[in-house]
Enquirer: 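Next up is a structure, given as structure tokens.
Heavy-atom basis, side chains included; hydrogens, waters and symmetry copies ignored. Each chain gets a letter, A, B and so on, in the order the sequences are listed, and its residues count up from 1.
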There are 2 protein chains.
Amino acid sequence: MLTNFYEQAEEMIRHTGDRITRGRVLVLGILLAEKKAISHHEIEEKLGDDSAINRVTLYRILEWLNKKDLAHKVISGDRKWRFRTNIYTGLHQHAHFKCSICAAVTCLSDVKAKYSSPLPPGYQSHEVELTVKGLCAECA
Amino acid sequence: MLTNFYEQAEEMIRHTGDRITRGRVLVLGILLAEKKAISHHEIEEKLGDDSAINRVTLYRILEWLNKKDLAHKVISGDRKWRFRTNIYTGLHQHAHFKCSICAAVTCLSDVKAKYSSPLPPGYQSHEVELTVKGLCAECA
DNA sequence: TATTTTGCGCAACTTAGTTGCATTTAATAT
DNA sequence: ATATTAAATGCAACTAAGTTGCGCAAAATA
Ligand SMILES: [Mn+2]
Ligand SMILES: [Mn+2]
Ligand SMILES: [Zn+2]
Ligand SMILES: [Zn+2]
């Protein structure tokens with residue numbers, strides 16, 4: 001039942017102290033119902049014609065969700081941002097998987113990035129991003 | 001002396017069996033002289049007005065260098081491709097460093113990506129991409 | 001020097017995201 | 001319930017980075 005996701009979305013938005021708007025509820029509701037990270041375009045499609053939101057507004061909602069730590073943005077080489085709600089992954093850093101066939105991006109919630117040898121002298125690491133590319137379970 | 005890089009470039013291009021053109025020599029020469037991965041735009045700047053190459057041609061040259069394994073493409077979240085010659089890094093996979101201040105992208109030639117736990121069942125890994133973000137030695 | 005690819009230049013297009021500004025609306029105060 | 005106001009939205013126009021099609025130029029080879 002998608003309704004439950006919208007209710008949950010509304011509650012999460014209320015909790016931020018910022019305004020509860022139609023757009024925010026719809027978009028976060030969609031993200032909550034989704035198991036993978038999805039793009040601006042995919043969200044527009046899921047909104048459909050009747051619940052349509054202006055593209056600029058949608059960008060701004062996604063930016064806001066990210067800022068409020070209700071969702072995170074995944075960057076993946078095809079120049080498209082994808083978003084996933086944080087409630088399933090938490091705020092910690094995790095790796096991502098990108099399928100070479102269907103292009104689906106999955107959050108690997110409990111996979112953390114590591115590397116084999118230290119950075120060059122003087123370099124400071126703030127964040128480590130890891131993307132595994134290959135075939136997802138559906139496409140393999 | 002940049003001339004040496006152009007001679008080296010010419011030799012490398014000859015070795016592919018494909019045509020030795022002004023554009024290919026200039027671009028590969030620039031990449032050989034460079035210690036970090038650089039973007040289309042940065043290459044255009046280095047070419048300057050007199051050695052200018054049409055932007056489309058430049059894209060095609062970079063694509064060709066990548067295909068011929070003379071250079072590799074680095075993807076880094078700011079929607080810009082960057083390129084580095086392979087002669088200093090080899091063909092093996094390696095991690096990259098992106099400075100949050102100066103935006104420079106460095107190939108960490110001997111740093112390999114690892115991860116903490118296995119992929120979900122059914123997933124197949126073909127390639128692992130790792131980017132460390134933080135401050136480079138210059139900016140730290 | 002002529003022929004044959006292969007690569008180049010131009011113009012027009014696409015995709016994804018951004019900016020400025022006027023209008024609407026959620027929250028709140030009366 | 002209505003007015004007020006700050007925040008969010010919609011629209012139009014813009015930007016950055018890369019792509020496509022096609023006629024023309026120039027390397028390689030004969
Ligand atoms: Mn994620
Ligand atoms: Mn590299
Ligand atoms: Zn897949
Ligand atoms: Zn730096």
Enquirer: Please state how far atom OH in B:Y59 lies from atom C1' in D:dA17, giving the value in whole angstrom units.
Expert: 4 Å

Enquirer: Is there, by distance only and without an angle test, a donor paired with an acceptor across the side chain of B:R60 and the base of C:dG9 below 3.5 Å?
Expert: yes

Enquirer: Answer with yes or no whether B:R22 presents, from its side chain, a donor or acceptor under 3.5 Å of a partner atom in the base of C:dG7.
Expert: no

Enquirer: Fit a plane to each ring of B:H72 and B:H94, take the angle between them on a 0 to 90° scale, and name the class: parallel (under 30°), tilted (30 to 60°) or perpendicular (over 60°).
Expert: perpendicular

Enquirer: Between B:S76 and B:R82, do the side chains contain an N or O donor and an N or O acceptor separated by less than 3.5 Å?
Expert: yes

Enquirer: If you assign each of B:R19 and B:I53 to its closest nucleotide in DNA chain C, which residue comes earlier from the 5' end?
Expert: B:R19

Enquirer: Think A:T57 has a side-chain N or O under 4.0 angstrom from the OP1 or OP2 of D:dG10?
Expert: yes

Enquirer: How close or far is atom P of D:dA6 from atom CG of A:D18, stated in whole angstroms?
Expert: 15 Å

Enquirer: If I take atom CG in residue B:N66 and atom C1' in nucleotide D:dG18, what distance separates them, rounded to the nearest angstrom?
Expert: 15 Å

Enquirer: Respond yes when some side-chain nitrogen or oxygen of B:N54 is under 4.0 Å from OP1 or OP2 of C:dC10, and no when none is.
Expert: yes

Enquirer: Nearest-Å distance, CD1 (A:I61) to P (C:dT18)?
Expert: 15 Å

Enquirer: Just how far, in rounded Å, is P of C:dT15 from CD of A:E42?
Expert: 15 Å

Enquirer: So among B:E129, B:E127, B:H126, which one has a side-chain hydrogen bond (donor to acceptor under 3.5 Å, both in side chains) with A:K133?
Expert: B:E129

Enquirer: Between C:dA16 atom P and A:F83 atom CZ, what is the distance in whole Å?
Expert: 13 Å

Enquirer: Taking atom types as they are modelled, would you say the side chain of A:R79 forms a donor-acceptor pair with the base of C:dT15 within the 3.5 Å cutoff?
Expert: no

Enquirer: Under 4.0 Å between a side-chain N or O of B:R24 and OP1 or OP2 of C:dG7?
Expert: yes

Enquirer: Charged N to carboxylate O below 4.0 Å: is that the case for B:E10 and B:R22?
Expert: no

Enquirer: Counting distance alone, no hydrogens or angles: does the base of C:dG9 have a donor or acceptor under 3.5 Å from a partner atom on the side chain of B:R55?
Expert: no

Enquirer: Expressed as a whole number of angstroms, how long is the span from B:I13:CD1 to C:dG7:P?
Expert: 11 Å

Enquirer: Using the closest heavy atom to pick a nucleotide of DNA chain D for each, name whichever of B:W81 or A:W64 lands nearer the 5' end.
Expert: A:W64

Enquirer: How close or far is atom P of C:dA16 from atom CG of A:L62, stated in whole angstroms?
Expert: 14 Å

Enquirer: Quick one: is A:T21 getting a side-chain N or O under 4.0 Å of the D:dT9 phosphate, OP1 or OP2?
Expert: yes

Enquirer: Salt bridge or not between A:K46 and A:E34? Use side-chain N to carboxylate O under 4.0 Å.
Expert: yes

Enquirer: Looking only at side-chain N and O atoms, does B:S39 come under 4.0 Å of OP1 or OP2 in D:dA17?
Expert: no

